[in-house]
2 protein chains.
Amino acid sequence: MFIGLPDRTQSGSGAKLNLRNRVFQALEQDILNGKYPSGTNLTEKDLCEEFGVSRTPLREALCQLELEGLVECIPNKGAVVLGVSEQDVNDIYAIKLTLEGLAARLAAERITQEELTDLEETLNLTEFYVNKDDLNKILELDSRFHDVICKASKNRPLRSMMGSFHNFIKVARHKSLTNPGRPSLMLEEHRKLLDAISKGDGELASHLAFDHTNRVFNNLRSLNDEAEAE
Amino acid sequence: MFIGLPDRTQSGSGAKLNLRNRVFQALEQDILNGKYPSGTNLTEKDLCEEFGVSRTPLREALCQLELEGLVECIPNKGAVVLGVSEQDVNDIYAIKLTLEGLAARLAAERITQEELTDLEETLNLTEFYVNKDDLNKILELDSRFHDVICKASKNRPLRSMMGSFHNFIKVARHKSLTNPGRPSLMLEEHRKLLDAISKGDGELASHLAFDHTNRVFNNLRSLNDEAEAE
DNA sequence: TGGCGGATTCTTGTATACAACAAATCCAAT
DNA sequence: ATTGGATTTGTTGTATACAAGAATCCGCCA
């Protein structure tokens, strides 16, 4: 590790269609989803065949993954998967704690009306899917909620860093949501946070965001501890 | 923007000697040092001739710079320099403020004896070069001081992020040091911070680091305001 | 003269070819 | 049988070749 922070903010709609980016995103998700566990040796030839591309775009994708810290390219040897370890997730959460607070504080000061309605809309949708127990949708909306806050902070580096974090710990966040009752609790905490932001109370928003992230993290750790205990 | 965070932590000693990395580092520094201002169109052919390499390693370097946010690659069009704007520097400092605090707190809890002596050694060297008014050396030692703290935090993502920040705002930090009296003030603040860390006082260390970074930032802004006023 | 269209040229995107290095294999000699 | 070394094989690093799109330039026509 670690980490690459491309500007994912605008690539959300229409990903550029050149082979390099397609391979990069696919490989990134493959690694993050555990298809290639840490330590796996990636040979260019195999990946080329799998993706049906030549070595040039594939190598370019590997370069980017190396910068992002997901693989390590050993000269004349090849690429080995580093992935995201549990330690990495813990470390990232330690950072996220403070930065979510910062983002919320800045958002409370700088948010626009459009962004506020966007947040409300997102929470309404979240409530809908919480009732339907659709974890994937909830996760997606959770990402959206936090991204809008980061966007509202008007701090571009902060937003792209947080976006990257969110992507890296996607699996962990999903696991956290499987805890029964967690989704509705998340929704409630988001509501309070939005309230503080809309009132322009940066101090409160910062604390709420910090506590919220902390709860997600603790929830995750308790789940991991359970898993270990078995 | 923004941002790439390769693991610079170990590349300090012997950079890998393949062309891609050499070109990447050279181009990165060229952009950060202002050789290629924002908006510059980078044509692969020209860069190839300049570096004396073929398009393959050059393109790979450009891919990495794109991930880092320093250039934007427009499909079928080429790469344009984004660079680091003054706004970016401000945004980065907003993040740095909280993260330097976090790093110092963690370091206070986890620092080893070796790292402590390393910090002391660094400060002694800094004092030497402050007396000699060698700004480049001071800047280098400043980087080293903060990097050891990040290393002592035992949080790898945090360390590589801070390393990347340090690299990105290198020019700004250098400018800040040109303020007469700033170097010795910096040294004094570093001493206090080291003292707090060595005593294991995380809370104090966190505050000192925050305030220190804040002073650097304010100092920089006042210099920029002066420059604008002219 | 000004604007439109096509051809040319230039640049990027992708694929392949060649070179250098690493590892594995195989043979021989002790 | 084991070890040493040379050869072979395979992989990566780099360079070049080819294809496709963009921009430019020139000439033609209104």
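All values reported here derive from a predicted model rather than from experimental measurement. In what follows, every chain begins at residue 1, and chains take the letters A, B, ... in the order their sequences are listed. Excluded from the calculations below are hydrogen atoms, water molecules and symmetry mates; all remaining heavy atoms, backbone and side chain alike, are included.
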task: For L42(A) and for G52(B), locate the closest nucleotide of DNA chain D by heavy-atom distance; then report the residue assigned to the nucleotide nearer the 5' terminus.
output: L42(A)

- prompt: Between H212(B) and H190(B), what is the ring plane arrangement, given parallel below 30°, perpendicular above 60°, and tilted in between?
  reply: perpendicular

Over all atoms of both residues, closest heavy-atom pair of C48(A) and L58(A): N-CD1, 3.9 Å

Would you kindly give the [atom1]-to-[atom2] distance between [X] and [N], to the nearest whole Å?
X: E72(A); N: dT12(D); atom1: CD; atom2: P; value: 15 Å
X: E66(B); N: dT12(C); atom1: CD; atom2: P; value: 13 Å
X: L47(A); N: dA15(C); atom1: CG; atom2: P; value: 14 Å
X: N21(B); N: dT12(D); atom1: CG; atom2: P; value: 16 Å
X: R20(B); N: dA15(D); atom1: CZ; atom2: C1'; value: 16 Å
X: L19(B); N: dA20(C); atom1: CG; atom2: C1'; value: 12 Å
X: I74(A); N: dT12(D); atom1: CD1; atom2: P; value: 11 Å
X: N76(A); N: dA23(C); atom1: CG; atom2: P; value: 9 Å

query: Is the NZ or CZ atom of R221(A) both under 6.0 Å from the centre of the six-membered ring of F217(A) and within 45° of that ring's axis?
result: yes

- request: Can you sort out the partners of Y36(B) under ring-ring contact (aromatic ring centres under 6.0 Å, His included), two or more places apart, ordered by chain and number?
  value: none

query: Could you give all pairs that pass the salt bridge (Lys or Arg N to Asp or Glu O under 4.0 Å) test and reach residues 132-142 of chain B, with sequence neighbours left out?
result: D142(B)-R173(B)

message: Quick check on contacts: within residues 53-61 of chain A, what sits under 4.0 Å from DNA chain C by heavy-atom distance?
response: V53(A), S54(A), R55(A), T56(A), P57(A)

field: Neighbour count above 12 (heavy atom, 6.0 Å) for R144(B) CZ
entry: no

message: Here's a test of your reading of the structure: between E44(B) and K77(A), which maps to the more 5' nucleotide of DNA chain C?
response: E44(B)

